[in-house]
Amino acid sequence: MNLKKLFIYALTVLLLIPTFATAKTFSDVDQPGGFSWIYKEVSYLADENILDGYPDGTFKPNKPVSFLEVSQIMFKVLKPSSVEVSEALSAYGSVCDKYDVPEWAKTAVAYMLKRGAYTEATLNEAKRLNMINGSVYPDRNSVTVYIGRALGFT
């Protein structure tokens, strides 16, 4: 089964799975609150360890997704093997260091480089635009391209 079919199948299954009360919650996304419309999805993705939220226990649903957060989410969705992770870090760890990728995102960014979702030019531009330090966020078009490349659609 190719990656595109697998992704479509997984997405379909995710949409059909009933959601139960979950253990992992965020203080700013709760069932009766203002973001109740995303409660089930955010809770499910948090329980699947795809979304972590922030150290203070919040999800920050109004905050744009950063360049590094996109990397981390795609890394967790793709679930690379330990061999793939080791290969990515061996091949691209120094590139991550060159562009000041923080330790918490280094594995994910190295893996995105390995998959071809990013190039060194992507990191250079992200650093130049202050996206590595999180003070500037990527636009929706760029995020779509990164995800598409990571999933092998391009």
Side-chain angles (χ1 to χ4, degrees), residues 1-17 22 24 26 28-29 35 37-38 40-154:
M1 184 180 298
N2 70 33
L3 191 56
K4 185 183 264 185
K5 286 182 183 176
L6 181 63
F7 176 72
I8 292 168
Y9 174 75
L11 185 60
T12 303
V13 169
L14 285 174
L15 293 174
L16 295 176
I17 293 174
T22 56
K24 195 170 188 179
F26 302 105
D28 56 347
V29 177
F35 289 97
W37 62 278
I38 62 170
K40 287 181 184 178
E41 291 78 5
V42 169
S43 294
Y44 179 80
L45 292 171
D47 286 345
E48 292 297 313
N49 293 316
I50 293 172
L51 298 178
D52 293 324
Y54 290 88
D56 65 358
T58 62
F59 179 69
K60 301 185 191 311
N62 285 325
K63 184 177 180 203
V65 178
S66 77
F67 177 78
L68 297 177
E69 290 167 340
V70 169
S71 307
Q72 189 72 6
I73 291 168
M74 290 311 303
F75 177 80
K76 289 181 172 199
V77 165
L78 293 167
K79 298 180 181 174
S81 69
S82 58
V83 171
E84 290 174 302
V85 169
S86 179
E87 289 172 353
L89 286 170
S90 177
Y92 298 104
S94 61
V95 174
C96 291
D97 292 339
K98 178 179 176 180
Y99 293 100
D100 300 322
V101 173
E103 228 21 72
W104 69 266
K106 187 174 179 178
T107 301
V109 171
Y111 186 66
M112 293 288 275
L113 285 160
K114 181 182 186 307
R115 285 193 66 90
Y118 300 156
T119 64
E120 188 168 346
T122 307
L123 289 185
N124 185 39
E125 186 69 0
K127 177 142 175 94
R128 186 184 73 75
L129 295 173
N130 292 317
M131 289 193 298
I132 299 284
N133 67 14
S135 59
V136 174
Y137 299 98
D139 59 54
R140 294 167 65 116
N141 295 333
S142 297
V143 170
T144 302
V145 169
Y146 303 148
I147 291 171
R149 288 179 184 162
L151 295 173
F153 293 163
T154 59

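Judged as a side chain to side chain contact (heavy atoms under 4.5 Å, CB included), and not counting sequence neighbours, S82 has no contacts. Listed by chain and number, the residues in a side-chain hydrogen bond (donor to acceptor under 3.5 Å, both in side chains) with T119 are T122 (sequence neighbours excluded). Every side chain to side chain contact (heavy atoms under 4.5 Å, CB included) that N130 has, sequence neighbours left out, goes to N133, S135, V136. With sequence neighbours excluded, the residues forming a side-chain hydrogen bond (donor to acceptor under 3.5 Å, both in side chains) with D97 are K106, listed by chain and number. F59 pairs by the ring-ring contact (aromatic ring centres under 6.0 Å, His included) definition with F26, not counting sequence neighbours. For E87, the salt bridge (Lys or Arg N to Asp or Glu O under 4.0 Å) test picks out K114, with sequence neighbours left out. Annotation: side-chain hydrogen bond (donor to acceptor under 3.5 Å, both in side chains) contacts of D100 (sequence neighbours excluded): K127. Here A110 pairs with A88, L89, Y92, C96 under the side chain to side chain contact (heavy atoms under 4.5 Å, CB included) rule; sequence neighbours left out. Evaluation of the ring-ring contact (aromatic ring centres under 6.0 Å, His included) rule for Y118 yields F67, Y146 as partners, not counting sequence neighbours. Remark: E125 engages R128 in a side-chain hydrogen bond (donor to acceptor under 3.5 Å, both in side chains) (not counting sequence neighbours).
When all heavy atoms of A150 and A117 are compared, the closest pair comes out as N-CB, 3.6 Å. Of all the heavy atoms in P138 and S66, the pair that sits closest is CD-C, 3.9 Å.
We find the CD1-CD1 distance between I73 and I147 to be 7.5 Å, quoted to the nearest 0.5 Å.
Annotation: salt bridge (charged side-chain N to carboxylate O under 4.0 Å, His left out) contacts involving residues 55-77, sequence neighbours excluded, comprise D52-K76, D56-K60. Screening residues 131-150 for salt bridge (charged side-chain N to carboxylate O under 4.0 Å, His left out) gives no qualifying pairs among residues at least two apart or on separate chains.
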Item to check | Pair R115-L78, side-chain contact (heavy atoms from CB on, under 4.5 Å): steps then yes or no | outcome: CA-CA 10 Å; R115 285 193 66 90; L78 293 167; 3.5 Å; yes

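Side-chain contact check for M74 versus Y111: every heavy-atom pair is 4.5 Å or farther apart. Between I132 and V109 the shortest side-chain heavy-atom distance does not fall below 4.5 Å. Counting heavy atoms from C-beta on, the side chains of Y137 and V65 never come closer than 4.5 Å.
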